[in-house]
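These notes concern the structure reproduced below.
These values consider heavy atoms only, across backbone and side chains, with no hydrogens, waters or symmetry-generated copies. All chains are named by letter (A, B, ...) in the order of the sequence lines, taking the proteins before the strands, and each is independently numbered beginning at 1. None of the values given here were measured: they were computed from a predicted structure.
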Amino acid sequence: MSAPTSVASTTGVPITASTTSSPPARVAGRPAAPVPPPTPSTAPAVRVEDLRIAFGRGPARREVVHGVSFDVARGECLALVGESGSGKSVTARSLVGLTGRDAQVRARTLALGGTDLLRFGERDWRRLRGGDVGLVLQDALVSLDPVRPVGGEIDEALRLHTDLTRAQRAERVVELLEHVGVPDPAVRARQLPHQLSGGLRQRALIAGALAGEPDLLVADEPTTALDVTVQAQVLDLLARLRDEGRTLLVISHDLAVVSHLADRVAVLQDGRIVETGPTAQVLGDPQHPYTRRLLAAVPAEHARGTRLSAPPVGPEASAPDAPIAADRRPVPRHPVGEVVARLDGVARTFPGPDGQPRVAVRDVSFDLRAGETLGIVGESGSGKTTTARILLGLTEPTAGTVEVHGRSWAGLTPRERRALRRDVQVVHQDPLSSFDPRHTVGRILADALGVAGVPRSRRRARSVQLLQQVGLGVEHLDRRPRRLSGGQRQRVAIARALAPRPRIVVCDEPVSALDVSVQAQVLDLLADVQAETGVAYVFISHDLGVIHHVSDRVLVMTDGEVVEHGDVADVFTAPQHPYTRRLVAAIPRIGDPTSATAAPTTTDRTAR
Amino acid sequence: MSAAPTVVPGAADRVHPAAVAGAVPAGVPAGVPAAATRPASRAPSRRTRAGGVVRRLGARALGAVGVLWGAATLTFLALVLIPGDIAYAIVGGPDANPSPEVLAQVRAEYGLDRPVAEQYGAYLLRLATGDLGTSYRFHAPVTQLIGEQVGPTVVLAASAAVVAVLGAVAVALATAGRRPAVRGPVSGIELVLASLPSFWLGIVLLTVFSFTLGWFPAIGGEGWRGLVLPTLTLALPLGAVLAQVARSAVEEVLEEPFVVTARARGLSDAAVRVRHVLRHTLVPLTTMTGFVVGGLFGGAVITETLFNRAGLGRLLLSAVNAKDMPVVLGLVLLSAAVYVVINLVVDATYPLIDPRLRRTS
């Protein structure tokens with residue numbers, strides 16, 4: 001908040017923003033890097049006291065933030081951590097007045113650098129947004145206007161907050177892009193968001209938020225949609241901005257992500273801050289049971305073969321006082337049995353849009369045994385899903401053989417294929433889109449049982465049995481998917497996959513859309529099901545922590561190729577291939593301040 | 001336009017311009033225009049080999065020829081199948097009382113005594129050379145008659161289209177996502193306007209603005225004053241439909257995360273709508289405009305009659321009344337051609353609106 005503080009210091013009287021003059025004109029062409037030293041002031045960069053946010057009116061009124069208070073000191077990085085519905089995003093957006101039209105924001109104090117935001121009108125907000133506070137949203141593909149060049153988006157912020165001429169702005173856009181580590185900034189500025197990779201897009205988005213030289217940067221899940229190596233680079237960039245003296249408020253569901261960036265952490269649960277303190281203290285010695293549960297739920301090597309979630313007191317066990325998962329009970333294992341599937345030299349090419357064949361998968365071979373879990377890990381476009389589809393018999397390989405129970409998909413009649421399909425089931429990332437929204441859970445399961453040849457009279461009883469197996473009950477039979485929580489939906493998807501008693505279940509990013517505590521429950525459930533039935537899993541994920549936790553063996557894929565294949569412990573502790581090493585090094589780990597720095601492949605360090 | 005073809009090959013692929021790059025539309029004129037949908041908005045721009053482009057253009061041209069051929073055939077069939085003797089029409093309409101010799105002479109002269117298939121072949125052959133035939137009634141070339149009347153209709157249709165599109169965009173941008181107290185009544189008025197029969201709307205406009213207030217002439221009228229009421233009669237129902245489409249598109253775009261980013265940059269609400277949202281709205285709006293502007297020709301029949309204006313609509317009405325079939329056929333073909341051209345224009349417009357649909361870079 002440069003404007004109000006500078007005004008206040010000259011007059012000696014704190015004044016509200018509604019009476020302040022416009023922000024001081026920015027010096028043309030000033031380099032982006034260091035934030036001007038603020039006039040000495042005792043006011044913290046952000047002060048929030050007893051913030052309450054509600055949506056709707058009358059009987060539909062629903063308060064989602066119940067009295068949140070926190071301060072962010074100048075140059076500090078505070079992380080608001082919580083699961084979906086904890087109110088973290090809406091809290092952050094209340095600082096820029098973008099909570100939405102039907103939101104009611106009340107607070108004892110809501111101030112930026114001593115400026116009272118509670119009296120702000122639309123005009124004041126507009127001056128503040130971009131000029132004093134920069135907002136960075138997740139997934140820049142949809143957070144940047146898809147039909148405008150990324151440079152145009154940055155230019156827009158410059159036009160609003162500086163007096164630069166058009167030519168000066170064009171120059172500044174390139175400078176800003178360069179500052180955030182975008183190579184060839186002049187070229188990139190003219191490109192559309194979809195022509196940039198995810199990491200470059202996110203950098204461009206950050207450059208746009210920095211254009212007005214705000215002192216405070218609010219980053220809402222800034223790395224959530226990114227691959228792990230790219231995530232590490234963006235975290236590096238944010239850390240550098242913090243080191244340059246900017247105040248950072250980071251919103252995340254991921255404790256590991258914030259552990260390297262934040263000076264302090266505030267843990268939100270259901271609209272309340274349950275714990276706050278220095279990062280090392282909160283993550284290293286959590287006091288509140290909810291924080292402890294969150295930390296325990298993070299799948300990583302130390303949790304391998306153990307339970308992630310609290311003992312099942314209820315299907316979604318979320319009572320705040322529920323016992324925490326401190327016991328780390330080991331999960332019983334089913335003995336690994338005979339080979340149920342075998343891929344040998346499988347390759348698949350697709351015709352590209354330019355007519356040239358593109359290799360999606362090349363020379364993939366593996367055996368899958370009953371009762372074991374094979375993890376396939378790789379970043380987007382690495383061929384994980386194509387491999388899964390080939391195993392499922394949904395995509396024909398252009399070379400190599402696929403055998404399920406010793407039978408190849410290729411030689412089968414449609415009827416035999418259908419019979420074999422029962423043996424290989426799949427669980428997708430987003431079950432909502434793989435369920436007919438008009439069908440009830442009962443109908444969804446009955447359909448699957450019908451395909452499996454279960455007579456009509458026994459389907460209901462078997463459905464209830466399946467629901468119980470996945471931790472749901474008979475009361476869920478009549479629900480529709482939309483009325484279920486994300487975790488419950490994924491449980492139904494698992495129940496449906498189990499309906500024909502398959503030998504193999506392909507889990508394609510099954511927990512990627514879930515909160516960490518729900519993810520923990522679903523991962524535990526999958527382990528229980530495997531112990532009980534001896535089903536084999538092919539588990540696909542971009543999340544190395546999840547892969548590390550669930551897998552017996554791991555395939556590491558990049559650009560359609562398997563670069564490493566071996567026992568999970570070997571791959572993660574002693575990676576052989578350079579790509580695997582980069583991947584493993586990029587995993588953000590809680591309490592290890594060295595791990596989240598990217599491999600030295602980024603241009604960040606040399607950008608300026 | 002009652003005989004306007006419903007078969008528009010451009011329409012099928014027009015709905016998803018992003019997909020056109022990959023899939024070459026079949027040269028078969030099939031597919032009733034589907035509902036206006038947004039083209040796949042996140043599809044990456046694709047490069048197509050030169051051969052693909054040529055194939056695509058060739059297919060498009062074939063489709064256009066197919067539509068015209070279909071329209072010509074349908075109208076020819078209508079001509080053959082409708083009751084009544086064409087020869088009578090040629091010699092002077094229902095009131096004439098020609099002798100059998102005259103009728104026979106006329107039949108021979110116009111080839112009406114030959115087999116239908118032969119007539120059809122001769123008809124197509126003449127069409128292929130650009131000859132639309134000779135009016136039975138005016139004994140003048142149909143192309144000449146159309147040429148004389150096309151001006152006022154083009155002026156009317158163009159002004160109606162401009163008023164409808166601009167009005168729809170303005171209303172949609174101004175009212176989308178507003179309080180129910182603002183949005184509800186506007187949407188209600190649009191619904192009423194879209195549902196009104198246009199002749200009734202024209203009569204209401206005449207009564208209010210011409211007979212009562214005397215602001216605009218009731219009949220004919222020179223210059224822009226005479227154009228106002230006919231334009232409104234045509235444009236209001238059209239604009240109302242377009243506004244509904246545009247508003248739902250605007251509201252969809254307003255929910256996009258990049259709108260939050262734009263606001264977080266400090267952009268005002270109006271600037272967000274004009275600088276960011278408008279462009280995204282234009283894609284579905286262009287699709288819809290393509291469908292409805294083709295229909296303006298049909299609307300012109302009623303409007304021109306009501307306001308006693310010269311134009312193709314009046315020409316068509318009188319030709320139908322007089323069974324002056326070459327003129328009717330000519331106008332039907334013209335209408336089909338207009339549809340085809342508008343479709344091509346709409347297709348060419350998408351890449352201008354959405355740079356992701358551009359083929360290069």
Note: vs chain A, highest number of non-hydrogen pairs under 4.5 angstrom among B/Ile353, B/Val259, B/Val260, B/Leu267 is B/Leu267

Side-chain ion pair, B/Asp269 and A/Arg126, N-O less than 4.0 Å: no

Salt-bridge present (A/Arg246, A/Glu213; N to O < 4.0 Å)
no

If one checks every heavy atom of A/Arg159 against chain B at 4.5 Å, the contacting part turns out to be side chain

Interatomic distance, CG@B/Leu254 vs CD@B/Glu251, rounded to 0.5 Å, equals 7.5 Å

Sequence neighbours excluded, the answer for side-chain hydrogen bond (donor to acceptor under 3.5 Å, both in side chains) partners of A/Arg188 is A/Gln191

Cut-off 4.5 Å, heavy atoms of chain A, and the answer for B/Arg263 is both

From the list A/Glu156, A/Arg148, A/Arg93, A/Glu122, the residue making the most non-hydrogen contacts under 4.5 Å with chain B is A/Glu156

